[in-house]
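Encoded as C-alpha cells, the structure appears first; notes follow it.
Numbers restart at 1 for each chain; the letters A, B, ... are given by sequence-line order, proteins then strands.
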Amino acid sequence: DAGITQSPRHKVTETGTPVTLRCHQTENHRYMYWYRQDPGHGLRLIHYSYGVKDTDKGEVSDGYSVSRSKTEDFLLTLESATSSQTSVYFCAIRPTSGSSYEQYFGPGTRLTVT
Amino acid sequence: KNEVEQSPQNLTAQEGEFITINCSYSVGISALHWLQQHPGGGIVSLFMLSSGKKKHGRLIATINIQEKHSSLHITASHPRDSAVYICAAPPNTGNQFYFGTGTSLTVIP
C-alpha cells in the first residue's frame with residue numbers, strides 16, 4: 001500500500017460539464033501520473049508531474065488539464081467532459097527512493113459521461 | 001507502433017494448467033514490471049525484475065534483457081488467478097512508462 005487514494009471513486013456526469021478528479025498520496029513522492037484505461041488500449045498516460053507546479057503532457061492529454069499545488073495532491077480536470085472521456089482513471093506514483101522502476105497505483109475512478 | 005507487446009491478448013485455461021504470458025519490448029530498459037488487475041479491481045505490483053528469474057508462490061517471472069523479452073508463468077493455475085496481467089517498461093531515460101495492453105486470463109474450474 002503506497003498510500004494513494006483517489007476521489008471520487010465513481011462519477012456520472014453530463015456532456016459539457018467540468019469534472020475534477022483528485023489523487024492524494026501520503027508519502028511525499030515526487031512523481032505522480034494520471035492514466036486512463038480503456039478496453040483494447042491498456043493504460044495510456046494523460047499527464048504526469050515531477051514536482052510541485054511541474055507537469056508535462058502524456059500521449060492523450062487533449063481535453064485534460066492538471067494541477068499540482070502541493071506534493072500530496074495531483075488534480076486532473078476535464079474542462080468540458082465528452083463521451084469519449086468515459087473511462088477508468090488511475091493515478092500512480094513513482095518512488096524516487098529504492099527502486100525507481102516501479103509505479104504504484106491508486107484504486108481508480110470510474111467516470112461515465114452521458 | 002507499440003513499444004511493449006504482450007501475447008496472448010486473451011487466454012482461457014483449465015484449473016491446474018501451466019500458463020505462460022509473454023512480453024516483448026523495443027525500448028531500452030533496465031527492468032520490467034509485471035502488474036495484476038482483477039476484474040473491476042485496482043492494479044497491483046507482482047514483480048520488478050532486471051535479470052534472471054523471480055518467484056513468488058505459484059508465479060514465476062523471467063527476463064532476458066539482451067533479447068528484450070520477459071515471461072510470466074503461473075503454475076497449477078487456479079480460478080482466483082483470473083485477471084488481466086500487464087507488463088510495464090520504465091525507460092532508461094525520461095519519466096514515462098510504456099505499458100503492454102494486457103493479457104486477460106480466465107481460469108475455469
Decide whether Ile60(B) and Leu105(B) are clustered together by the hydrophobic rule: side chain heavy atoms of Ile, Leu, Val, Met, Phe, Trp, Tyr closer than 4.5 Å, transitively. no

Given the rule that I, L, V, M, F, W and Y join up when any side-chain heavy atoms are under 4.5 Å apart, are Leu32(B) and Ile65(B) in one cluster? yes

Please report the interatomic distance OH(Tyr98(B)) to CG(Leu43(A)), rounded to the nearest 0.5 Å. 15.0 Å

When clusters are formed by joining ILVMFWY residues with side-chain heavy atoms under 4.5 Å apart, either directly or through shared neighbours, do Val60(A) and Leu75(A) land in the same one? no

Would you say CD of Gln9(B) has more than 12 non-hydrogen atoms from neighbouring residues, nucleotides or ligands within 6.0 angstrom? no

Are more than 12 heavy atoms from other residues, nucleotides or ligands located less than 6.0 Å from atom CD of Glu14(A)? no

Determine all donor-acceptor pairs shorter than 3.5 Å in which one atom belongs to a side chain in residues 79-88 of chain B; sequence neighbours excluded.
residue, atom, partner, partner atom, Å
Arg80(B), NH1, His78(B), ND1, 3.3
Arg80(B), NH1, His78(B), NE2, 3.3
Asp81(B), OD1, Arg58(B), NH2, 2.9
Asp81(B), OD2, Arg58(B), NH1, 2.8
Asp81(B), OD2, Arg58(B), NH2, 3.2
Asp81(B), OD2, His78(B), N, 2.8
Ser82(B), OG, Pro79(B), O, 2.9
Ser82(B), OG, Val107(B), N, 2.9
Tyr85(B), OH, Gln36(B), NE2, 3.1
Tyr85(B), OH, Asp81(B), O, 2.6

Rounded to the nearest 0.5 Å, the NZ atom of Lys57(A) sits from the CD atom of Gln96(B) at a distance of 12.5 Å

Residues Phe97(B) and Glu102(A): closest non-hydrogen pair is CZ-O, 4.1 Å

Indicate the atoms forming the closest heavy-atom contact of Tyr104(A) with Ser45(B), along with that distance. CE2-CB, 4.4 Å

Determine the option with the most heavy-atom pairs under 4.5 angstrom with chain A, choosing from Val44(B), Thr101(B), Ile43(B). Ile43(B)

Which atom names give the shortest non-hydrogen contact between Gln37(B) and Gln37(A), and what distance separates them? OE1-NE2, 2.7 Å

Under 4.5 Å from a heavy atom of chain A, the part of Leu35(B) involved: side chain

